[in-house]
Peer 1: 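Quick one: the structure is below, questions incoming.
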Amino acid sequence: MQLLGHAVLGALSLLPMQPDAPTPAHFEGLWETRYGRMRLQVEGDGILGTYSSVPGARIVGEVDGDRLRFRYEEPSARGEGTFQLVEDGRALEGQWRADGTKPWTPWNGTRVEPKKRVKWLVILEARWEAGLHESEYTFGEMLRSYLTMAPRVRVRERRFHDEADFRRFAREVTFLAEPVVLLVSTHGSPKGISVGGKSIGPEAIAESLAWASNVELLHLSGCDMLRGDAAETIRAAIPESRRFPISGYKTTVDWAASALSDFTYLTFLLIRGMPPEKALAQTHVAAPYTADDEVEDCAFRPLGLALLPAERERAAR
């Protein structure tokens, strides 16, 4: 019996190990699906997500056994579904149905893996020109040309004409696989950003980026954006697990001075690979007029380039 017992144990040890049951973390990430890209994120013990085919779409789910069971909600529809991991977690097999219906429809996808050491600079720039009498000016095109020296930086520039344009392009940032530095280039004020003579408030900016857990920095390259509470309003409206640092200027900036400042700042961020706090400090050293104090014999007034961290500073105990 003893020999038989050892033989049985030896045979069992040769059997393939059964995989552990999936956890919410196994479903987290970016997926290419039949309904566009979908980003799933762990929130507490469950999963929250969104997908690109319907603006404002939302998924709320929890892992049940080897499946993610979820509810989805769109502006004009809602329903339920399930996802199951296959191919060692590289793919999803799923199905969905709208409330009040019986047939299930397939919803499959494959995992989108971020490319190593690649980072995005996404530039959303308002139209500066008021009419044909003004020459065209694009700050984003200058940045794109400059950053050709950084082969691992991908640059996208989009011109927005109104709030709907801005929301659409900002929302698409969520569905990039790699980390993103988002630069908004337009006229600004303590109340928000301006385009076409109208203001886009901080609430709209926050709503557009509420799912963008891949954003490493939002840089508001416009006048006075960090002089008021716009940046704090954006930060407060973003769910805590997805917040990102926000930088910008506390003064009405000179065009040339702010362009030189942004080139310097982005050099440290994207070419030198520094985190935002260190990049800001180095920008103040390399170009002292970008800080708060007057620089002797400098033609530029101080810009007040500042950074709001992702989290509120905790009071010292």
Side-chain angles (χ1 to χ4, degrees), residues 30 32 36-39 50-52 55 112 114-128 137-188 192-195 200 202 204-222 225 230-231 234-235 238 242-249 258-259 261-276 279-280 307-308 310:
L30 188 64
E32 191 75 64
R37 288 197 167 186
M38 173 177 66
R39 185 173 288 280
T50 186
Y51 44 95
S52 62
V112 180
K115 295 179 180 177
K116 293 181 179 180
R117 294 189 292 168
V118 167
K119 189 171 292 190
W120 288 88
L121 172 64
V122 175
I123 305 156
L124 302 185
E125 184 167 12
R127 284 283 177 187
W128 301 99
Y137 171 84
T138 71
F139 185 52
E141 190 59 37
M142 290 190 290
L143 285 171
R144 181 196 301 275
S145 298
Y146 174 65
L147 286 167
T148 55
M149 70 172 67
R152 294 192 177 275
V153 178
R154 305 288 186 265
V155 181
R156 289 291 184 273
E157 181 201 6
R158 294 294 182 266
R159 307 295 294 275
F160 64 95
H161 301 79
D162 53 27
E163 183 173 320
D165 266 357
F166 176 85
R167 283 178 176 268
R168 177 165 66 92
F169 292 133
R171 191 168 54 243
E172 290 179 9
V173 168
T174 298
F175 303 107
L176 296 175
E178 294 79 20
V180 176
V181 171
L182 175 59
L183 185 148
V184 180
S185 179
T186 181
H187 294 298
I193 59 179
S194 300
V195 59
I200 301 175
I205 298 172
E207 287 173 11
S208 305
L209 297 171
W211 294 97
S213 57
N214 54 333
V215 169
E216 289 193 340
L217 174 74
L218 169 61
H219 179 53
L220 302 170
S221 182
M225 291 290 292
I234 295 170
R235 180 176 67 177
I238 300 287
R242 300 174 218 146
R243 287 176 186 164
F244 39 76
I246 303 170
S247 59
Y249 297 98
S258 64
S261 171
D262 281 354
F263 269 79
T264 305
Y265 187 35
L266 292 171
T267 295
F268 292 127
L269 279 166
L270 297 172
I271 298 177
R272 295 296 184 93
M274 296 179 184
L280 178 74
L307 181 76
L308 183 71

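Remember, it's a predicted structure, so these values are computed and weren't measured experimentally.
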Peer 1: Does R242 make a cation-pi contact with W211 (under 6.0 Å, within 45 degrees of the axis)?
Peer 2: yes

Peer 1: For H187, what residues pass the side-chain hydrogen bond (donor to acceptor under 3.5 Å, both in side chains) criterion, not counting sequence neighbours?
Peer 2: none

Peer 1: Quick check: closest heavy atoms across P202 and A230, and the distance to 0.1 Å?
Peer 2: CB-O, 3.5 Å

Peer 1: Between CD1 of I271 and CG of L147, what distance do you get to the nearest 0.5 Å?
Peer 2: 5.5 Å

Peer 1: Quick one, L143 and D262 - any side-chain contact, counting heavy atoms below 4.5 Å?
Peer 2: no

Peer 1: Check whether N214 reaches the backbone of A177 with its side chain - one donor and one acceptor, N or O, closer than 3.5 Å.
Peer 2: no

Peer 1: Of all the heavy-atom pairs spanning F169 and F160, show the shortest one and how long it is.
Peer 2: CD1-CB, 4.4 Å

Peer 1: How far apart are the closest heavy atoms of E178 and V118, and which atoms are they?
Peer 2: CB-O, 3.4 Å

Peer 1: Please report the interatomic distance CD1(I193) to CD1(I205), rounded to the nearest 0.5 Å.
Peer 2: 4.5 Å

Peer 1: Looking at A170 and L209, what are the two nearest heavy atoms and their distance?
Peer 2: O-CD2, 3.5 Å

Peer 1: If you take all heavy atoms of P151 and R154, which pair is closest and at what distance?
Peer 2: O-NH1, 2.8 Å

Peer 1: For the OG atom of S185 and the CG atom of L124, what is their distance to the nearest 0.5 Å?
Peer 2: 9.5 Å

Peer 1: With rounding to the nearest 0.5 angstrom, report the CD to CZ distance, E207 to R171.
Peer 2: 10.5 Å

Peer 1: Counting N and O atoms only, with roles assigned by atom type, does the side chain of R39 sit under 3.5 Å from a partner on the main chain of L176, one being a donor and the other an acceptor?
Peer 2: yes

Peer 1: Salt bridge check: are K119 and E216 linked by an N-O gap of less than 4.0 Å?
Peer 2: yes

Peer 1: Quick one: closest heavy-atom pair of F244 and A212, and the distance?
Peer 2: CD2-O, 4.2 Å

Peer 1: Can you sort out the partners of R37 under salt bridge (Lys or Arg N to Asp or Glu O under 4.0 Å), two or more places apart, ordered by chain and number?
Peer 2: E32

Peer 1: I need the R158 CZ to R156 CZ distance, nearest 0.5 Å.
Peer 2: 6.5 Å

Peer 1: Can you check whether I238's main-chain N or O pairs, donor with acceptor, with R243's side chain at less than 3.5 Å?
Peer 2: yes

Peer 1: With heavy-atom distances below 4.5 Å as the criterion, would you say the side chains of F268 and L280 are in contact?
Peer 2: no

Peer 1: Out of the candidates L307, I234, L217, only one should pair with I246 under the side chain to side chain contact (heavy atoms under 4.5 Å, CB included) rule; please name it.
Peer 2: I234

Peer 1: Under 6.0 Å between ring centres: does that hold for F263 and Y146?
Peer 2: yes

Peer 1: Got a second to check how far S261's OG is from Y249's OH, nearest 0.5 Å?
Peer 2: 3.0 Å

Peer 1: Give me the one residue out of V155, V181, V184, L182 that meets side chain to side chain contact (heavy atoms under 4.5 Å, CB included) with I123.
Peer 2: V155

Peer 1: Are the side chain of E125 and the backbone of G140 linked by a donor-acceptor contact shorter than 3.5 Å?
Peer 2: yes

